[in-house]
Structures are given as structure tokens and as C-alpha cells.
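Along the sequence shown, the residues carry numbers beginning at 1. Just so it is clear, the structure is predicted and the values come from calculations on it, not from any experiment.
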Amino acid sequence: MDGGILDGIRVLDVASFIAAPAAGTVMADFGADVIKVEVSGDPNYADMGTRHGPDFQNLHRNKRSLTLDLKSPEGHEIFMKLAAQVDVIVENYRPDVKRRLKISYDEVRAVNKGIVYASISGFGQTGPYANRPGLDQIAQGLGGHMSVTGKPGDGPVRSGAAISDMTAGFLMAGGIMAALLERHKSGEGQWLHTSLL
């Protein structure tokens, strides 16, 4: 979308599944230039059906894309060159994975002091569950949402909509926009994080 309120804002969307891509989609819908970094060999498309299916297409509308192997020196170098030039990175890697890939907030901030680095995870960036993977239905169960779903007398039921994923993504998009506004005043970026839980 040309001429949107985020025209001129550049975003790297290095995310899969639903929550973090949803945040990137909101940014794209408001006019940001969003590049979806597709990780070669990523099996996570299966969560949304085929790459050309409606869920994937909806979550990645208005985005450009490229494929990188972040485990290769060449792929990492390209990612870091892009990271040095963008305003925002949206990612949903577990903390241990982004450290292993050398794309953590601290590593990106070393090349881009103004970066707004947005992390969405299952259980947060610290704490005993930080390195566990998390999906919407897990968050619905652990968070108590399933206690108010289903038929009376029956067990809990997952909501049909991915409510934890979508809520986390939309809240993160709002946080990113607030961080960009704050950066306009201070010149400093920051690390934002939220979780499905």
C-alpha cells in the first residue's frame, strides 16, 4: 500500500505460523515496506496449509519476500546487512534459537542502534518455559481460555479462531507503532516482547 501512514518504514518479517506474521501484516497494511524472510527448508507452512492457500496468502499480503538459509554464513551476512538498514524486525524464534543463529536483539542492535526488534514467543524471553515452543491451543489451555468454551458438562474446547495468536500479533503491531513514535523522539530503538500466554 503506497502512501500509508507507515510509508517509509522498512520491516523484516522473519516469522512463521500466525502471531508474528499477523504483526507484520498489520504493518504492511498501514503502508510499511515489509520483506518476509522465508527460511529455506521451513516446515512451518504445514500449520497454515499450502504456501498458496488462503491462510498463508492472508497472513503475508502486501509483503515482498526472499529466501535465506540463516544457518549459512552467506545467509546470515545478507540478513545482517538487511537488519542494518530496516526500522523493525518481527520474529518468533525461541530465545535459544535466535542466539544460535546470531540474530538476537543484541546482535542486531550492534549494527542498528535504532532497531525496533519485536519478539513474539509462546512463553516469553525469560523464565522456565522460555525455550519451549508454543502454539495457540497450548496458550488457550494454559491461559484458562478453554475453561469458558465448550458445552456444559463436557470438557474444554479450543476456540475455532486462533485467538491467542491473533491477539498477540495485533498487540505487537500496536507496540511496534508506539516504539517507532518513541524512537522519533529519542533516536533509540528497543526490544519489544510479548507471548501467546
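Between the Thr25 side chain and the Leu59 main chain, a donor and an acceptor come within less than 3.5 Å of each other. Using a distance-only test at 3.5 Å, with no hydrogens or angles considered, no donor-acceptor pair links the side chain of Asp13 to the main chain of Val34. A donor-acceptor contact shorter than 3.5 Å links the side chain of Asn131 to the backbone of Asp96. Judged by distance alone, the side chain of Lys36 and the main-chain N or O of Ala15 form a donor-acceptor pair under 3.5 Å. Without hydrogens or angle criteria, Arg183 side chain to Gly114 main chain gives a donor-acceptor distance under 3.5 Å.
Around CZ of Arg61, the count of heavy atoms belonging to other residues, nucleotides or ligands within 6.0 Å exceeds 12.
Taking CD1 from Ile163 and CG from Asp136, the interatomic distance works out to 8.0 Å, rounded to the nearest 0.5 Å. Rounding to the nearest 0.5 Å gives a distance of 10.0 Å between CG of Asp29 and CG of Leu6. Taking CG of Leu192 as the start and CG of Leu171 as the end, the distance is 12.0 Å to the nearest 0.5 Å.
Residues Met27 and Met172 fail the side-chain proximity criterion, which asks for heavy atoms closer than 4.5 Å. Looking at heavy atoms from C-beta onward, His76 lies out of side-chain contact with Leu101 at the 4.5 angstrom threshold. By the 4.5 Å heavy-atom criterion applied to side chains, Ser159 and Gln140 are counted as neighbours. At a threshold of 4.5 Å between non-hydrogen side-chain atoms, the residues Ile89 and Val14 count as touching. The shortest side-chain heavy-atom distance between Ile115 and Val86 falls under the 4.5 Å cut-off.
For Tyr129, the ring-ring contact (aromatic ring centres under 6.0 Å, His included) criterion is met by Phe123, not counting sequence neighbours.
Remark: Asp87 engages Arg10 in a salt bridge, criterion side-chain N to carboxylate O under 4.0 Å.
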Q.
Does Ile120 form a side-chain contact (heavy atoms from CB on, under 4.5 Å) with Phe17? I'd like the steps, not just the answer.
A. CA-CA 11 Å; Ile120 299 180; Phe17 294 110; over 6 Å; no
**Request:** For Leu66 and Leu82, run side-chain contact (heavy atoms from CB on, under 4.5 Å): C-alpha distance rounded to whole Å, both residues' side-chain angles, the deciding distance at 0.1 Å, then the answer.
**Result:** CA-CA 11 Å; Leu66 75 135; Leu82 290 168; 4.1 Å; yes
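Residues Gly124 and Pro95 share a closest heavy-atom pair of O-CG, 4.1 Å.
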